[in-house]
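Just below is one structure, and these are the notes that go with it.
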Amino acid sequence: MNTFASNPRAANGGPTHVQRNDARLLRGAVTLDAIASGAIGLPMLLLAAPMSELLALPTMLLRGVGAGLLLWVGLLAWMLTRPQIGKAMAWTVIAINAMWVFDSIALLFSGWVAPNALGYGFVIAQAVAVLVFAELQYFGLRRTLRA
């Protein structure tokens with residue numbers, strides 16, 4: 001069968017490997033999430049005490065979050081070894097990222113911590129970054145599902 005006849009995108013001069021091209025945004029967003037999570041998680045785990053002094057956030061909170069982020073990196077890395085990121089896996093990542101953003105902001109209003117201005121900035125900046133990852137992952141998933 002002719003590729004152009006079986007693939008409307010190819011008939012219009014578009015790519016014939018639709019699923020592979022459409023999955024690039026999702027895969028790229030998950031990759032970026034893993035890199036950024038590792039880049040902040042490792043220092044939070046290993047340098048929790050000096051970061052605590054700098055940010056006025058509890059050492060054990062930073063250490064625990066750092067360890068959690070490294071586990072998150074492991075999950076994302078495993079997902080990236082799969083030939084395709086399944087719909088359920090993608091929705092799970094998006095939901096966890098959305099919860100992270102909500103919990104980060106809730107932490108600042110909870111009274112459980114008393115960060116200084118730099119600490120507030122740190123928590124807000126990482127929440128915004130995670131929100132961007134979740135949004136990119138959502139758009140990547142939508143693009144993949146439309147393919």
Side-chain angles (χ1 to χ4, degrees), residues 3 6-10 14-147:
T3 304
S6 63
N7 185 337
R9 285 190 178 187
T16 57
H17 300 293
V18 175
Q19 191 167 2
R20 172 179 250 171
N21 288 334
D22 287 338
R24 289 174 69 192
L25 177 58
L26 176 58
R27 201 167 269 287
V30 171
T31 300
L32 183 61
D33 190 349
I35 291 168
S37 296
I40 195 64
L42 191 60
M44 287 176 75
L45 179 64
L46 299 178
L47 303 171
M51 287 182 74
S52 176
E53 289 179 28
L54 183 66
L55 304 171
L57 289 167
T59 302
M60 290 309 294
L61 174 68
L62 293 169
R63 191 169 285 133
V65 170
L69 283 171
L70 295 180
L71 291 172
W72 178 244
V73 169
L75 173 67
L76 297 178
W78 173 80
M79 284 176 54
L80 291 167
T81 66
R82 313 276 51 99
Q84 293 180 1
I85 297 174
K87 181 179 174 182
M89 284 192 289
W91 276 119
T92 300
V93 169
I94 293 165
I96 289 170
N97 278 336
M99 286 188 312
W100 180 277
V101 172
F102 176 81
D103 289 347
S104 295
I105 302 306
L107 177 68
L108 295 177
F109 290 102
S110 69
W112 294 338
V113 297
N116 58 25
L118 194 56
Y120 271 99
F122 177 77
V123 173
I124 292 168
Q126 60 79 31
V128 168
V130 173
L131 182 61
V132 170
F133 299 151
E135 186 174 10
L136 289 171
Q137 291 157 353
Y138 172 73
F139 287 125
L141 177 61
R142 274 189 38 195
R143 183 182 289 178
T144 302
L145 294 176
R146 284 188 299 191

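Side chains included, hydrogens not; waters and symmetry mates left out as well; all remaining heavy atoms used.
In terms of modelled atom types and a separation under 3.5 Å, the side chain of S110 and the main chain of L107 share a donor-acceptor contact. Side chain of S104 to main chain of W100: a donor-acceptor pair is present (N/O by atom type, distance under 3.5 Å, no hydrogens or angles). With hydrogens and angles disregarded, no donor-acceptor distance shorter than 3.5 Å links the side chain of D33 to the backbone of V130. With hydrogens and angles disregarded, a donor-acceptor distance shorter than 3.5 Å links the side chain of Q126 to the backbone of V123. In terms of modelled atom types and a separation under 3.5 Å, the side chain of R27 and the main chain of L80 share a donor-acceptor contact.
The structure places OG1 of T59 at 10.5 Å from CE of M51, a figure rounded to the nearest 0.5 Å. With rounding to the nearest 0.5 angstrom, the CD1 atom of I124 is 13.0 Å from the CG atom of L131. Considering CD1 of I40 and CD1 of I35, their distance stands at 14.5 Å, rounded to 0.5 Å. Taking CG from L108 and OH from Y120, the interatomic distance works out to 5.5 Å, rounded to the nearest 0.5 Å. How far OG of S37 is from CG of L42: 12.0 Å, rounded to the nearest 0.5 Å. Summarising the geometry, atom CD belonging to Q137 is positioned 9.0 Å from atom CG belonging to L25; distances are rounded to the nearest 0.5 Å.
Closest non-hydrogen pair, A127 versus I105, comes out as CB-CD1, 4.2 Å. Between L136 and A29 the shortest heavy-atom distance is CB-CB, 3.7 Å. When all heavy atoms are compared, the tightest approach of G38 to V73 is N-CG2, 3.3 Å. Of all non-hydrogen atoms in P50 and L47, the two that sit nearest each other are CD-O, 3.2 Å. Here the shortest heavy-atom pairing between M44 and V65 reads CE-CG1, 3.4 Å. Contact record, L141 with A90: CD1-CB, 3.8 Å, taken as the closest heavy-atom pair.
Between S52 and L62, the closest side-chain pair of non-hydrogen atoms falls below 4.5 Å. The shortest distance between side-chain heavy atoms of L54 and F122 does not fall below 4.5 Å. Residues L76 and W72 are in side-chain contact: their nearest non-hydrogen atoms beyond the backbone lie under 4.5 Å apart. L26 has its side chain out of reach of R143: every pair of non-hydrogen atoms, C-beta onward, lies at least 4.5 Å apart.
In this view, Y138 and W91 satisfy the ring pair (Phe, Tyr, Trp, His ring centres under 6.0 Å) rule, not counting sequence neighbours.
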